[in-house]
Number of protein chains: 2
Amino acid sequence: MLFPEGVAIDGRRGSVEPSTDKYIKRLSDLRGLFRDEAALDRAIAKGDAIAYEVIDYRKSESDLAFGTTIMMPGKVGDEYFMTRGHFHARRECGEAYYTQSGEGLLLLQSRQGEVRTVEMRPGVCAFIPPDWAHRSINTGSGKLVFVWFCATDASHDYGAIREKGMRRLVVERNGKPALVDNPNFA
Amino acid sequence: MLFPEGVAIDGRRGSVEPSTDKYIKRLSDLRGLFRDEAALDRAIAKGDAIAYEVIDYRKSESDLAFGTTIMMPGKVGDEYFMTRGHFHARRECGEAYYTQSGEGLLLLQSRQGEVRTVEMRPGVCAFIPPDWAHRSINTGSGKLVFVWFCATDASHDYGAIREKGMRRLVVERNGKPALVDNPNFA
């Protein structure tokens, strides 16, 4: 039987206490994601930094799960550190990303290829409708921390984005984030 | 078709922008909830204060909804202002209450009558398992504001709690919240 529980979330550090699972993605886990492969190789050789960490509070007997994503600041070439991006395997499942600290951009793409962005900053809860792929991008100089809420069994479909990429890239131009077309979008 | 959107949540005031719906509960809407009916009558005669307000961001085509609950501070007799308390009509649906400001107590009761509490304070995300009735109680001196996340179609079942009450009451004793047995629990 499941019991209620108070879960302490630190909006600056992104810690979740208690948590049920976590994983870390380093730059070497993100090959194929960034356009500038030489820059990626150099960054991996220089210490293979952590790009982001995901901490789960997920109980299989509950319909709702939540957790945090903690994104480090940085760039590979002119692209900011980003998550892999995914659809949900269960296409009827949306999500909410509630930013706690830092600044970023949420890049979304519908199944039909329409692109939208939502600014990520403290106090903004991004509504991600069902069947929109979503990728988070840390465009700031500090950590980007957000709390996500979605169906426990939404599951991730990374394949479509991994194979085709997303239609737009978020790059630094004159010290600011800018959206440009992805020349490699399939 | 649904589109992504950034929803601005003010953790102090509890505002949600944009929102899709809202409602307000005044003390006169909460008859039957407090033990001291004479104190409730006096409070209603003295201006019928707002006890709490709920603001929704809810799209019927999405599986996930969220919003805020803004609870005013106050007491009726020795009982703190509280929400009505409910199970979800869809018993498989849990919920998360992420406190933004203020302090309170989340009182929960399983279908079998087991009682638990979770402290509500900024940074605590309360996990509410499926089929646990839940009532929020503002035990502080300021507003209690939390963001809730649950299935769009979880729906509320207020009847069971309205008819029987909850097994425990949260009352003020020596200036502090205390849990006591509800003598009227059916």
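In the text below, chain A, chain B and the rest are named by the order of the sequence lines, each starting its count at 1.
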>> Within the structure provided, determine whether A:Cys125 and B:Phe149 are in side-chain contact (heavy-atom separation under 4.5 Å).
In response: yes

> Heavy atoms, side chains only, cut-off 4.5 Å: are B:Leu64 and A:Leu64 in contact?
Replying inline: yes

>> Surrounding CZ of A:Arg111 (heavy atoms of other residues, nucleotides or ligands, distance under 6.0 Å), is the total greater than 12?
In response: yes

>> With a 4.5 angstrom heavy-atom cut-off, is it the side chain or the backbone of B:Val16 that approaches chain A, or both, or neither?
In response: neither

> If you tally heavy-atom pairs under 4.5 Å against chain A, which of B:Glu95, B:Gln100, B:Glu17, B:Arg121 wins?
Replying inline: B:Gln100

> With only heavy atoms counted, which part of B:Glu119 is less than 4.5 Å from chain A, the side chain, the backbone, both or neither?
Replying inline: neither

>> Within the supplied structure, the quantity of interest is the number of heavy atoms (other residues, nucleotides, ligands) at a distance under 6.0 Å from B:Lys164 NZ; does it exceed 12?
In response: no

>> In terms of relative ring orientation, are A:Phe127 and B:Phe66 parallel, tilted or perpendicular, with 30° and 60° separating the classes?
In response: tilted

> Under a 4.5 Å heavy-atom cut-off, does chain A meet the side chain of B:Glu61, its backbone, both or neither?
Replying inline: backbone

Under 3.5 Å, side-chain donor or acceptor atoms of residues 43-50 of chain B against the rest of the protein: list the pairs with distances, not counting sequence neighbours.
from: B:Asp48; atom 1: OD1; to: B:Leu27; atom 2: N; distance (Å): 3.3
from: B:Asp48; atom 1: OD1; to: B:Ser28; atom 2: N; distance (Å): 2.8
from: B:Asp48; atom 1: OD1; to: B:Ser28; atom 2: OG; distance (Å): 3.3
from: B:Asp48; atom 1: OD2; to: B:Ser28; atom 2: OG; distance (Å): 2.6

>> Minimum heavy-atom separation for B:Gly6 and A:Val118, please, with both atom names.
In response: CA-CG1, 3.5 Å

> To the nearest 0.5 Å, what is the distance between CD1 (A:Ile9) and OG1 (B:Thr99)?
Replying inline: 10.5 Å

> More than 12 non-hydrogen atoms from neighbouring residues, nucleotides or ligands closer than 6.0 Å to CZ on B:Arg12, yes or no?
Replying inline: no

> Where does B:Gln112 contact chain A at under 4.5 Å (heavy atoms): side chain, backbone, both or neither?
Replying inline: side chain

> Do A:Ser110 and B:Met1 touch side chain to side chain, with heavy atoms closer than 4.5 Å?
Replying inline: yes

